[in-house]
Amino acid sequence: MTTDGFTTCLWFDGQAEEAAHFYVSVFKNSGIGRVVRWTESGPGPAGSVLTVDFTANGQRFVALNGGPEFKFNEAVSFQILCSDQQEIDDYWTKLTENGGEAGPCGWLKDKYGVSWQVVYARLIDMIADPDPEKAARATRAMMGMGKLDAAALEQAYAGE
């Protein structure tokens, strides 16, 4: 391979540039890179956006205006590990505003239909705890939530 890592390609129906700017506005360590436009040879209208390279939270993406053939679904999602409730609230608000959709267990869809998991980072250790009672309490608490509540997860884990 010529570079390290992978670039995730996200398929849009005409919103590639708008979506790239949205994601760059949500995450730190982000920026827009090269924008490739159709030429007269098409098949898109000359000058319209074909792809937008961007980085979101240090991860490389390309947004592609591929057309209406494919839609996003929950089979692929992006996890955002959050250190505290403020981070959870911030990402949840930004990603569900203007047409996003809240889901269960910390999952949501943004206004483009991309699925995200806004996760309290300690939850992963909680549900993997070798003490099955602690793990079960944390898991049950998470299963009853939409947006995750870090304090409630900590209390459930502790048996309070």
Any chance you could pull the hydrophobic cluster mates of L50, using side-chain heavy atoms under 4.5 angstrom and chaining through other members?
-> W11, V36, W38, L64, F70
Residues forming a side-chain hydrogen bond (donor to acceptor under 3.5 Å, both in side chains) with W116, sequence neighbours excluded | D110
With sequence neighbours left out, what residues match N65 under side-chain hydrogen bond (donor to acceptor under 3.5 Å, both in side chains)?
-> none
Beyond-backbone contact of I32 with T55, side-chain heavy atoms, under 4.5 angstrom | no
Side chain to side chain donor-acceptor pair (under 3.5 Å) pairs, two or more places apart, involving residues 71-87 | E74-K109, S77-Q117, Q79-Q117, S83-E87, Q85-D89
Heavy-atom pair with the smallest gap, counting every atom of W92 and G103 | CH2-O, 3.9 Å
What closest approach, in Å, do N98 and K111 show between heavy atoms, and which atom pair accounts for it?
-> O-CB, 3.4 Å
L148 versus L123, closest heavy-atom pair with distance = CD1-CD2, 3.8 Å
Least distance between heavy atoms, A141 atom then A156 atom = CB-CB, 3.6 Å
Residues pairing under salt bridge (charged side-chain N to carboxylate O under 4.0 Å, His left out) where one sits in residues 149-160, two or more places apart or in two chains, turn out to be R122-E154
Any pair with a residue in residues 90-108 that passes salt bridge (charged side-chain N to carboxylate O under 4.0 Å, His left out), sequence neighbours left out, goes on the list, sorted by first then second residue, please.
-> D90-K94
State which residues pass side-chain hydrogen bond (donor to acceptor under 3.5 Å, both in side chains) with S25; sequence neighbours excluded, sorted by chain then number.
-> none
Quick note, salt bridge (charged side-chain N to carboxylate O under 4.0 Å, His left out) partners involving residues 16-37, not counting sequence neighbours, are E17-R37, R34-D53
Taking all heavy atoms of I88 and all of C82, pick out the closest pair and write down the distance.
-> CG1-CB, 3.6 Å
Rounded distance (nearest 0.5 Å) linking atom OH of Y157 with atom CG of D129 = 3.5 Å
Is there any salt bridge (charged side-chain N to carboxylate O under 4.0 Å, His left out) pair reaching into residues 130-142, and which pairs are they, with sequence neighbours excluded?
-> none
First locate atom SG of C105, then atom CE of M143, and finally report the distance between them rounded to the nearest 0.5 Å.
-> 4.5 Å
Going only through I, L, V, M, F, W and Y residues with side-chain contacts under 4.5 Å, is there a path from V76 to L108?
-> no
Find out whether V114 and F22 are in side-chain contact, i.e. whether some heavy atom of one side chain is under 4.5 Å from a heavy atom of the other.
-> no
Can you list the steps and then say if Q59 with F27 is a side chain to side chain contact (heavy atoms under 4.5 Å, CB included)?
-> CA-CA 10 Å; Q59 301 295 310; F27 297 100; over 6 Å; no
Can you name the residues that form a ring pair (Phe, Tyr, Trp, His ring centres under 6.0 Å) with F12, not counting sequence neighbours?
-> F72, Y112
Shortest non-hydrogen pair, A102 vs T96, comes out as N-CG2, 4.2 Å
Side-chain contact test, heavy atoms from C-beta onward, threshold under 4.5 Å: evaluate it for V62 versus V52 and give yes or no.
-> no
In terms of hydrophobic clustering (I, L, V, M, F, W, Y; side-chain heavy atoms under 4.5 Å; direct or indirect links), are W107 and Y23 co-clustered?
-> no
Could you pull out all residues at least two apart from T8 that satisfy side-chain hydrogen bond (donor to acceptor under 3.5 Å, both in side chains)?
-> none
Please identify each residue that fulfils ring pair (Phe, Tyr, Trp, His ring centres under 6.0 Å) with F61, with sequence neighbours left out.
-> F54, F78
